[in-house]
Structures are given as structure tokens and as C-alpha cells.
Amino acid sequence: MTRKIIRLFPVLLIATALTAGCSAIPGQKEEVKSLKIGISVYDQYDTFISEEISQLKAYAKEKEQEWDITITVEVQDANKVQLTQNDQMDDFIRRGFDIACINLVDRTDASSIIEKAKIAGVPVIFFNRELVEEDLQRWDHLYYVGADAFESGILQGEILAEACEKDFPSIDRNGDGVIQYVMLEGEAGHQDSMVRTLYVINTLKEKGFQVEKLGDEIANWNRAQAETKMNQFLKNFGDQIEVVLANNDDMALGAVDSLKKILGSKRQASEDGHPWPVVIGIDGTKVGLEALQAGELLGTVLNDAKGQAISMLELARSVVMHTELPDDIKLIDGKYIRLPYQKVTEENVNEIMWDMQIKNQ
Ligand code: BGC
């Protein structure tokens with residue numbers, strides 16, 4: 001039944017285009033020359049997501065000429081409300097969008113969007129907030145683009161382990177042989193926060209380091225919330241904190257904001273005898289990379305916003321226009337595209353900054 005709908009899809013599209021008053025002339029066989037992508041993000045103010053969207057728009061602009069098609073990218077903000085996002089899916093369907101890219105508000109609540117997509121025959125690429133596999137299997141034309149969260153936790157652990165191997169006393173400031181840390185976590189229930197929190201610590205332990213958790217707080221990926229949590233950590237534990245591990249760069253930067261306000265700049269704090277703890281993030285957002293260049297972060301792990309954006313657009317084109325995916329983009333099990341993470345430290349930060357910049361804007 002649903003297969004029938006997808007087979008009818010090009011026909012439905014042309015019919016929609018005609019009723020919408022497009023220039024196709026009845027009786028003439030005209031190739032579909034446009035790709036309309038409706039995107040709904042869980043929160044437009046999320047730094048990582050907004051960078052991913054900017055990358056996608058830039059790539060769409062770049063490819064329009066090469067592919068000789070018009071690409072429309074419309075982004076709607078679900079404002080953290082799943083019901084709003086469900087309505088946005090209805091809107092994309094009603095207005096004849098070819099495909100939807102959905103950054104779920106609630107990754108455990110994809111049912112409504114999946115049902116709507118199936119009935120209307122509009123494929124969906126979910127991204128960044130990973131739905132459970134059973135949901136993704138509910139229709140052939142559901143896909144997921146993202147990364148493997150566990151890898152980012154491992155790499156974050158490796159960054160710290162390598163720094164410890166180089167100069168342990170500069171990190172283990174009280175010299176007790178144990179790394180005292182605080183953790184800033186993303187949203188509860190988000191695959192990335194759960195897995196990153198677990199794997200970074202497992203990695204350190206596997207590498208033979210002893211660790212002691214002083215505190216662990218949820219800051220919902222958010223810089224301001226992380227600053228508040230870090231203020232509290234500093235109040236409770238002060239100089240005992242040797243390392244701040246953050247599930248993303250924005251929260252790492254929230255910790256830096258707090259350190260700056262409470263202890264003063266990194267140099268000042270060190271001169272005053274209260275040196276900053278080491279801070280490590282994940283994402284490699286522009287602000288994150290800048291903080292790394294400024295020496296405020298020890299490192300971060302690149303969550304490849306650009307690669308994920310490119311993959312989404314290529315997949316959208318391939319699904320709607322039946323083109324081949326480029327060789328370097330692998331669709332695993334006909335469903336998943338996962339981009340690798342990468343460690344970023346002062347050694348490669350300039351190079352990563354260059355790679356991630358958005359050209360032609
Ligand atoms: C990113 C976070 C972002 C979150 C949103 C994660 O993969 O690392 O920065 O806030 O996705 O879902």
C-alpha cells in the first residue's frame with residue numbers, strides 16, 4: 001500500500017505542481033526541476049543545530065547550479081514542543097514539500113510524524129536526535145543522519161588521557177593521583193548525553209586513570225544553564241575541581257563563563273593561585289573552536305555539522321530524484337548515515353576551523 005504511494009509519488013508531485021500553478025504545461029513531459037525540503041528543528045537557538053542548518057543552506061546554494069535544479073529549504077522551529085513539530089509536518093505535506101528533515105523534539109515520540117509521512121508518501125530524514133530502530137523500520141522511506149555518540153565519549157576521554165600522559169601534574173593539581181572532575185550533561189534521555197557521559201569515564205578508566213566524580217548536573221546543552229551549574233560546583237568544590245567534562249561545547253563555554261567571573265581570566269586565576277580546571281567539550285562549534293584557540297578549552301570533539309548537513313542534502317536528492325549517493329556517503333542498511341567524530345586540540349584547531357567555515361556567505 002505505502003509502496004504504491006511512493007511509486008505514485010512523482011505523479012502526485014507533478015499534479016501538486018500543476019494545481020499550485022507552476023509553469024509545467026499539461027501534455028508536456030517535464031522533468032521535475034525542483035527539490036523542496038521542509039526542515040523542523042527542535043530548537044532554533046541550539047548552537048550546534050543552527051550551525052548544521054547554515055551548513056545545509058550553504059551546500060544547497062552551492063549545488064543548485066551544478067544539479068541544475070531549484071532547491072527550496074524552509075526551516076521551522078518546533079520550539080521544543082513535539083505537537084508543534086507534528087503540525088509542521090502536516091504543513092510540509094499540505095504545501096507539497098518533497099521531503100522532510102526532522103530534528104525530533106522527543107526522540108521517543110516519532111509515531112505521529114511517521115504515520116503522517118507514510119500516508120502522504122513524503123519521505124523523512126530524521127537527524128541528530130536519534131529515534132529507536134523499530135520506529136525507523138516502520139516504513140521504507142525513513143532515514144537517520146547523525147553520528148555514533150559512543151565514539152564522541154571515547155575521543156573526549158582520549159583527549160584528557162593524552163594530556164595526562166604528557167603532563168599529569170598540571171592536571172592532577174593536588175597530586176593525589178586521582179582526577180577529580182565535574183560533569184555537565186545534556187538533556188536527560190538524549191542518546192548523546194547518556195552515551196557521552198558513560199564512555200568518557202570508561203575510556204579514562206580503561207587507560208588506567210583513577211577518577212573521582214565531585215558533581216554531575218544536567219544543563220540541557222545550554223550555556224547559561226551550565227554557567228549556573230558551574231557556579232554551584234565552584235562554590236561546593238572550589239579548587240578541588242581539576243577537570244570539567246561537558247557533553248557539548250556550549251556547556252563547556254558556560255563553565256568557562258563561570259570560571260572567568262568567579263576566578264578571573266585564566267592567567268589572572270593562575271597568578272592568584274587558583275588555576276582554572278581543564279575544560280573539554282564536544283561539537284567543534286565556531287565559538288567552541290575559538291575558545292580552544294584562546295586556550296580556554298583543552299579540547300573538543302568535532303561533531304561534523306558540515307558532513308551531516310551535506311549528507312542530508314545528498315540523501316534528500318537521492319531519495320526524491322532517484323540519483324546515486326556520492327561514493328563517500330554510505331547509507332548503512334538503507335537507513336543510516338553516520339559521520340565520524342574527530343578529536344580537536346590546539347594542534348589541529350586551525351585546520352578544523354578552516355574546514356568547517358561556511359564559504360560564500
Ligand atoms: C550536540 C549538542 C546539541 C544536541 C541537540 C548534540 O549532538 O552535541 O550540542 O545541543 O545534539 O540535539
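First listed ligand is number 1; within each ligand, the first listed atom is number 1. For the numbers below, each heavy atom of this structure counts, side chains included, while hydrogens, waters and symmetry mates do not. A quick note: this is a predicted structure, and the numbers were derived from the prediction, not measured.
Residues E314 and I337 have side chains not in contact (no heavy-atom distance under 4.5 Å, counting atoms from C-beta outward).
Distances shorter than 4.0 angstrom occur between a heavy atom of D46 and an atom of ligand 1. Close to ligand 1: R196, with a non-hydrogen atom less than 4.0 angstrom away. At least one heavy atom of N128 sits closer than 4.0 Å to an atom of ligand 1.
Atoms of ligand 1 lying under 4.0 Å from any heavy atom of H190, numbered from 1 in the order shown and given with element: 4 (C), 5 (C), 11 (O), 12 (O). For ligand 1 and N303, the ligand atoms under 4.0 Å from any heavy atom of the residue are 1 (C), 7 (O), 8 (O).
A perpendicular orientation is assigned to the rings of H141 and W139, their planes being inclined by more than 60° (bins at 30° and 60°). Between Y336 and Y144, the two ring planes are perpendicular [angle over 60°; tilted spans 30° to 60°].
For ligand 1, one of its N or O atoms has an N or O atom of N248 under 3.5 Å away.
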**Request:** Apply side chain to side chain contact (heavy atoms under 4.5 Å, CB included) to the pair M356 and D304, showing each step before the final yes or no.
**Result:** CA-CA 8 Å; M356 287 298 126; D304 187 357; 3.5 Å; yes
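Salt bridge annotation for R107-E187: absent, with no cationic side-chain nitrogen under 4.0 angstrom from a carboxylate oxygen.
Nearest to atom 9 (O) of ligand 1 among the protein's heavy atoms is D283 OD2, 2.5 Å.
Shown here are the ring pair (Phe, Tyr, Trp, His ring centres under 6.0 Å) partners of F150, two or more places apart in sequence or in another chain: Y199.
Relative to atom 7 (O) of ligand 1, the option among V105, V301, D192 with the closest non-hydrogen atom is D192.
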